[in-house]
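I have placed the structure first, in the form of structure tokens, so that the comments after it can refer back to it.
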Amino acid sequence: MGFLDEIKKAGKDIKRAFKDVLSAPFVKEMCDTTANMYRLGWDERNGGNISYMLDEAEVGEYLDINNVIRKIPLAGVNEANFDVAPLIGKIFIVTGTGKYFKNVKDDPETNLGIIRVAKDGVELLWGYKDGGRPTSELPSHLMCHMARLKIDPQNRVVMHCHPTNTLAMNYVHELDEKKFTHTLWEMCTECIVVFPDGVGILPWMLCGTNDIGVATSEKMSEFRLVIWAMHGIYGAGKTMDETFGLIETVEKAAQIYMLTCNRPRINTIKDEDMVKLVELFGVEYRKDFLDL
Ligand code: 2HA
Ligand code: ZN
């Protein structure tokens, strides 16, 4: 066998050595999380989207990261117009536009994609098998990743969904960040410890646009949770569990609120009690969101 043949053979062997991407922990996490979110009623139809920044070396165990399947322009509903420079070369697994969370688990390769951010769009490395594209909210997601990474270099996940009670609460509670956060903190003892930074709120805005992306990412430099009024919530965190847990805790608190808001409130968690909690757990919190 000639030298060139040997190199070709070695190349084939390397290809054969890739592990099955469907067995990758990050694919499993996306499948499990979308299934959970669907089951909880947070993601009807094609509602919701997740983007999860991956480790290049880990992805390289499953895929030839030099093999770009196709290039996709970076656009939401409108052409995107923002500087992705800090994310160029970063790899994400992202839910597809128009895809249902309900269906991800049974067909991850159609409903998810692994993309690498480039200067003028994204490069598809795996997935969107039916010719699909990343979520229309990708510009918002990428802007949120950039904002969170400035605050926490470990941030990897941005998650958007439509949790029922959180949404219901938007219709009956003042949409003031301090008052809304304070009410949530009063609803479960764990709340002030889980999201001591509180909840940011944007007024109703047109989704899928640059403007909502910019506004969300501005809020994300202050909060890990941002409510899109009468639409849903954005959460950001280091891991899928942390991000899911943030949204889950807000939703639980909103559920208690919705179960109790039309009855007289006889008991509550007092602000002094909340201070005892944050002191016990040693967390920094939004002191200005309490009335001490
Ligand atoms: O992806 O939830 O906000 C569907 C949505 C848009
Ligand atoms: Zn939405």
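Computed over heavy atoms, backbone and side chain alike; hydrogens, waters and symmetry mates excluded. For ligands, and for the atoms within them, numbers begin at 1 and follow the listed sequence. If you're wondering where the values come from, they're calculated on a predicted model, not measured in any experiment. One-based numbering along the sequence shown.
A heavy-atom distance below 4.5 Å is not found between the side chains of Ile227 and Met169.
Looking at Asp107 and Thr110, their side chains do bring a donor and an acceptor atom within 3.5 Å of each other.
Taking backbone and side-chain atoms together, His162 has an N/O/S atom less than 2.8 Å away from the Zn ion (ligand 2). For the Zn ion (ligand 2), the set of nearby N, O or S atoms under 2.8 Å includes one belonging to His160.
Those atoms of ligand 1 with a heavy atom of His160 less than 4.0 angstrom away are 2 (O), 3 (O). In the vicinity of Asn46, heavy-atom distances shorter than 4.0 Å reach the ligand 1 atoms 1 (O), 4 (C). Taking a cut-off of under 4.0 Å to the non-hydrogen atoms of Asn49, the atoms of ligand 1 that pass are 1 (O), 2 (O), 4 (C), 5 (C).
Residue Trp228 is tested with Met205, His160, Lys219 for a side-chain contact (heavy atoms from CB on, under 4.5 Å); the sole match is His160.
Ile192 and Val283 fall within the same hydrophobic cluster, defined by Ile, Leu, Val, Met, Phe, Trp and Tyr side-chain heavy atoms under 4.5 Å apart, directly or through other members.
At the shortest separation from atom 6 (C) of ligand 1 among protein heavy atoms lies Glu137 OE2, 3.3 Å.
In this structure, Lys178 pairs ionically with Asp291, as a charged nitrogen and a carboxylate oxygen lie closer than 4.0 Å.
Remark: aromatic rings of His141 and Phe92 are distant, center separation not under 6.0 Å.
The OG1 atom of Thr97 sits 7.0 Å away from the CG atom of Asn46 when rounded to the nearest 0.5 Å.
For ligand 1, the polar-atom distance check against Gly48 finds a nitrogen or oxygen pair separated by under 3.5 Å. In terms of N/O distances under 3.5 Å, ligand 1 is not approached by Trp228. Every N/O-N/O distance between Thr135 and ligand 1 stays at or above 3.5 Å. Any N or O atom pair closer than 3.5 Å counts here, and Ser136 shares no such pair with ligand 1.
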